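Single-structure report; data block below.
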Amino acid sequence: MKILVINAGSSSLKYQLIDMENESVLAKGNCERIGIGKGIFTHKRFDGKVKKIEVDMPDHTCAFMQVKDAILDSEVGVIKDLSEVSAVGHRIVQGGAIFKKSELVNEKVISDIESLIPLAPLHNKAHVQGIRACLSVFGESLPQVVVFDTSFHSTMPPKAYMFAVPYKYYEKYQVRRYGFHGTSHRYVSARCAELMGKDIKDLKIITCHLGNGSSLAAVKGGKVQDTSMGLTPLDGIMMGSRSGTLDPSVVTYIASIEKGITPEQMSDLLNKQSGLLGISGISSDDRDISDAVDQGNERAILAHEMLEYHIKKFIGQYAAVLDGCDAIVFTAGIGENHPHHRKVVCEGLNYLGVKIDNEANEKMIRGNEGKISTDDSKVAVYVIPTNEEIVIARDTKKLVEGNV
Ligand code: ADP
């Protein structure tokens, strides 16, 4: 069975075609600049063969046409006939309180995803465009499945997901914590249990997804108890260009300084001009901050110190939430590739009984998976490269085969 995994953004569309016989990636690619002039289409086959062209893609339907042509192409393609694709799995950012698990797509599901657009204006709108475009290019008979970033977090108790603002905002407008990166937290927590040779039902795990966007989750017995992102992916630890958790008065105070600032401009300030970028004034990319740290740049050093402090602080919170902790997992771009941050964070967790193995930690980069704590550490610490696409493909397969 071959499954096409789709991540549709407002101006981009990423895809992977996965062979479920051995869960190998046959091809993957990206359509960039959809609807904004000259687009870029990149397709890479498993053997490294690449197709990269500049092509106008006025909408998602045109983008899907490129994907279809590439996977069928005589030079770079991987299938002979479209019927070899058994199903499509879509990543959806916001499932609200409606979607607690992945679902087969039908008109009701599409309209429910549409109803959540106010909670994730850019993402959910793009996902619906992606689903509709996929239906028009691949045909109505090809099963499609939606997998939500939020659904793994749907097990949070109300005391964790409620914000202490007037209750009507929850009742009328669904203002609450939803959490994001759920597919990644789900994958790495399950994989951690597998690596430990234990049943996830018996484990308390803190998962740290540290990328451009970052979130932590407290997972007990395979169920999320709390997570750091909130109503939107702005909450939690500081990120590449997002502020993370703030005293809410910072927002109203800045609004009083920047007279006439609109909610959109404030959102831009907090989402795109803050975080590592806002503090360092250099970049939102952690590699650039590391280079500046090496040159002794003080604001870059401060940005790194803040980031490590935030991660440690949230791990401490979640150890309290879980009443202990058996394992900590680092994943995503920074979590998988930055031994220094992991070392600093773990050295600050002595009180939990965390002991880091420095040699193992240094080796865990660029896709390596393994344990970075010593054998006598009370808490096992792992680096696990995330794989959201495989979770989407597995859910899609299960639903299509009627096994859910
Ligand atoms: P996104 O949230 O966009 O998926 P990623 O998970 O790709 O982000 O993480 C991006 C971050 O990870 C950047 O700050 C980048 O500097 C860092 N990163 C990615 N790859 C590496 C690497 N090989 N070495 C060091 N840092 C990396």
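As the structure is a prediction and not an experimental result, all values here were calculated from the model. Note that ligands are numbered from 1 as they come in the structure, with each ligand's atoms numbered from 1 the same way.
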- [ ] With heavy atoms of G213 as the reference, note each atom of ligand 1 found under 4.0 Å away.
- [x] 2 (O)

TODO: Say whether I334, considering both its backbone and side-chain N or O atoms, lies within less than 3.5 Å of an N or O atom on ligand 1.
DONE: yes

Open item on the list: Looking at atom 4 (O) of ligand 1, tell me if a protein heavy atom falls under 4.0 Å from it.
Closed with: no

TODO: For Y169, look at atom OH and say whether over 12 heavy atoms of other residues, nucleotides or ligands are found less than 6.0 Å away.
DONE: no

Open item on the list: Would G333 count as a polar contact of ligand 1, with the cut-off being nitrogen or oxygen pairs under 3.5 Å?
Closed with: yes

Task: H338 N/O under 3.5 Å from ligand 1 N/O - done: no

Open item on the list: Show the atoms of ligand 1 that are less than 4.0 angstrom away from any heavy atom in R366.
Closed with: 23 (N)

Open item on the list: Between D73 and H43, do the side chains contain a donor N or O and an acceptor N or O under 3.5 Å apart?
Closed with: no

- [ ] May I ask you to identify, for E336, whether its side chain, its backbone, both or neither come under 4.0 Å of ligand 1 on a heavy-atom basis?
- [x] neither

- [ ] Using a strict 4.0 Å cut-off to heavy atoms of A332, name the atoms of ligand 1 that fall inside it.
- [x] 6 (O)

Task: Side chains of H185 and S215, donor plus acceptor under 3.5 Å - done: yes

Task: Modelled atom types, side-chain donor and acceptor of Q144 and H90, under 3.5 Å - done: yes

Open item on the list: Quick test: of every protein heavy atom, which one is nearest to atom 20 (N) of ligand 1, and how far off is it to 0.1 Å?
Closed with: N337 ND2, 3.4 Å

Task: OH/Y309: more than 12 non-hydrogen atoms of other groups inside 6.0 Å - done: no

TODO: Would you indicate whether the side-chain heavy atoms of N124 and I92 approach each other to under 4.5 Å?
DONE: yes

Task: atom 2 (O) of ligand 1: nearest protein contact (heavy atom, Å) - done: N212 N, 3.1 Å

TODO: Return yes if a side-chain donor-acceptor contact under 3.5 Å exists between E336 and T331, otherwise no.
DONE: yes

- [ ] Determine the interplanar angle of the Y318 and F314 rings, folded into 0 to 90°, and report it as parallel if under 30°, tilted if 30 to 60°, perpendicular if over 60°.
- [x] perpendicular

Task: Exercise: do D285 and S283 side chains pair donor with acceptor under 3.5 Å - done: no

- [ ] Return the residue, atom name and 0.1 Å-rounded distance of the protein heavy atom closest to atom 16 (O) of ligand 1.
- [x] D285 OD1, 2.3 Å

Open item on the list: Pairs of nitrogen or oxygen atoms closer than 3.5 Å, one from D286 and one from ligand 1: do any exist?
Closed with: yes

Open item on the list: Counting non-hydrogen protein atoms only, what is the nearest one to atom 26 (N) of ligand 1? Give residue, atom name and distance.
Closed with: R287 CG, 3.5 Å

